Structure formats: C-alpha cells, structure tokens
Amino acid sequence: MKTICGLDCGECGMREQGQCKGCVETGGQPFGGTCMIAVCCGEKGCINCGKSFEAPCRIKEQLIAEFNALGIGDMGEVTNLYALVGSFVNLAYTLPGGQSVRFWEDGRVYLGNQLPKKNSERCYGLLADENYLLVCEYGEGGSDAEIIVYKKRGR
C-alpha cells in the first residue's frame, strides 16, 4: 500500500475493514482528518530532513526527545513513536470539576506509543501532534485515564 511518508501500512487491517480510505488516495487524510506524518512528509520525504518516516525522521526524533525531557521517573525511555489514529487513542479524562473532556480528533493520525509504568500494572500513553504533547496513565483497555502532562510544544 503506497503512502506519502514511506510508512508500510500493508499489515494494517483497517483498509480491508473500510476504515482507512488510503493515504495517497485521500491526499494524506486516510481517516478523514489530517495525518501529521503526511503533513510533514511529501513524495520526497520529510520537509525538514528529506527522509521517510521509517528512516531517522526529524519530527519523530524531536518528539522522542521532548517526551524523554519530561523526566517522568517511572516511565521508561521513549525510543520510538508510531502512527496512531485518533479514534483508538482519544481517551476521555475527568477533570476535577467532574467534566469529561477529550483532546484529540478521532479522524486524525498522531504519533504516539504505550509504555509500561514501572512497578505497576498501569501504562503510560504518549501522544503528540504538531502543537501538543500528552502523557497519560491508564489501566487495562484505557480505563481510569489520568492526565500526567498536557502541554504546548515549545518548538
């Protein structure tokens, strides 16, 4: 399956299920919203460094460094980020006043990862776009999600 950024989406079943409309076919909007990787990468690779997303990509390296710089003690080192569709990672968070909020768009593609929380059965979820970083903590299946860090990126 041809993509704008060079990412191999051939093993993803979302296309066969009709959820993904294709990267090239939709101009980098396979789920209806923009894909931050497609925005960064063109036919010749990343606009910042000329490499495909699978090669050492500047945006991916920069986000990894930003996540690691947060210094969250019981979170392991971030070594990779993956393309994640918002509908899978757009968890609801309950604010202190009881309001439930979501920060992401279901149809966009973001960069993120899941890391185990040291000495715990909970996980850290990491997600980023061009403007924001989010680190949350949650239980099995995204239950009981709590915001650890949500901040505007200081590029």
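Quantities reported herein were computed from a predicted structural model and do not represent experimental measurements.
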Colleague: Say you draw a straight line from CD of Glu66 to CG of Leu133; how long is it, rounded to the nearest 0.5 Å?
Modeller: 5.0 Å

Colleague: So which atom in Leu70 and which in Val135 form the shortest heavy-atom distance, rounded to 0.1 Å?
Modeller: CD1-CG2, 3.7 Å

Colleague: Report yes or no: does Arg153 contribute a side-chain atom to a donor-acceptor pair with the main-chain N or O of Tyr132 at less than 3.5 Å?
Modeller: no

Colleague: side-chain hydrogen bond (donor to acceptor under 3.5 Å, both in side chains) for Tyr138 and Gln114? Distances and angles first, verdict last.
Modeller: CA-CA 10 Å; Tyr138 49 81; Gln114 176 178 291; 2.7 Å; yes

Colleague: Using 0.5 Å steps for rounding, measure from the CD1 atom of Ile72 to the CZ atom of Phe67.
Modeller: 9.0 Å

Colleague: Looking at every heavy atom in both Ala83 and Val109, which two are closest together, and how far apart are they?
Modeller: CB-CG1, 3.9 Å

Colleague: Please determine whether side-chain contact (heavy atoms from CB on, under 4.5 Å) holds for the pair Ile147 and Phe103, giving the CA-CA distance in whole Å, both sets of side-chain angles, and the decisive distance to 0.1 Å.
Modeller: CA-CA 11 Å; Ile147 299 167; Phe103 295 102; 3.4 Å; yes

Colleague: If I take atom OG from residue Ser120 and atom CD from residue Glu137, how far apart are they, to the nearest 0.5 angstrom?
Modeller: 6.0 Å

Colleague: Between Ala145 and Ala92, which heavy-atom pair has the shortest distance, and what is it?
Modeller: CB-O, 4.0 Å

Colleague: If every non-hydrogen atom of Lys118 is compared with every non-hydrogen atom of Gly73, which pair is closest and at what distance?
Modeller: NZ-O, 4.1 Å

Colleague: Atom CG of Leu126 and atom CG of Leu111: how far apart are they, to the nearest 0.5 Å?
Modeller: 11.0 Å

Colleague: Does Arg108 pair with Glu130 as a salt bridge, N-O distance under 4.0 Å?
Modeller: yes

Colleague: If you look only at pairs with a residue in residues 69-80, which of them pass as a salt bridge (Lys or Arg N to Asp or Glu O under 4.0 Å), with sequence neighbours excluded?
Modeller: Asp74-Lys117

Colleague: For Lys60 and Asn80, work out which heavy atoms get closest and say how close.
Modeller: NZ-OD1, 3.5 Å

Colleague: Mind checking the CG-CG spacing from Leu63 to Asn68? Nearest 0.5 Å is all I need.
Modeller: 11.0 Å

Colleague: Do any N or O atoms from the side chain of Asn90 and from the backbone of Gly86 form a donor-acceptor pair under 3.5 angstrom?
Modeller: no

Colleague: If every non-hydrogen atom of Val85 is compared with every non-hydrogen atom of Asp106, which pair is closest and at what distance?
Modeller: CG2-O, 3.6 Å

Colleague: Could you go step by step and tell me if Val89 and Trp104 meet the side-chain contact (heavy atoms from CB on, under 4.5 Å) rule?
Modeller: CA-CA 8 Å; Val89 293; Trp104 308 102; 5.6 Å; no

Colleague: Decide yes or no for Arg122 and Asp144: does some side-chain heavy atom of the first lie under 4.5 Å from some side-chain heavy atom of the second?
Modeller: yes

Colleague: From Asn113 CG over to Thr79 OG1, what is the distance, rounded to the nearest 0.5 angstrom?
Modeller: 7.0 Å

Colleague: State, yes or no, whether a side-chain contact exists between Tyr93 and Cys136 at a heavy-atom distance under 4.5 Å.
Modeller: yes

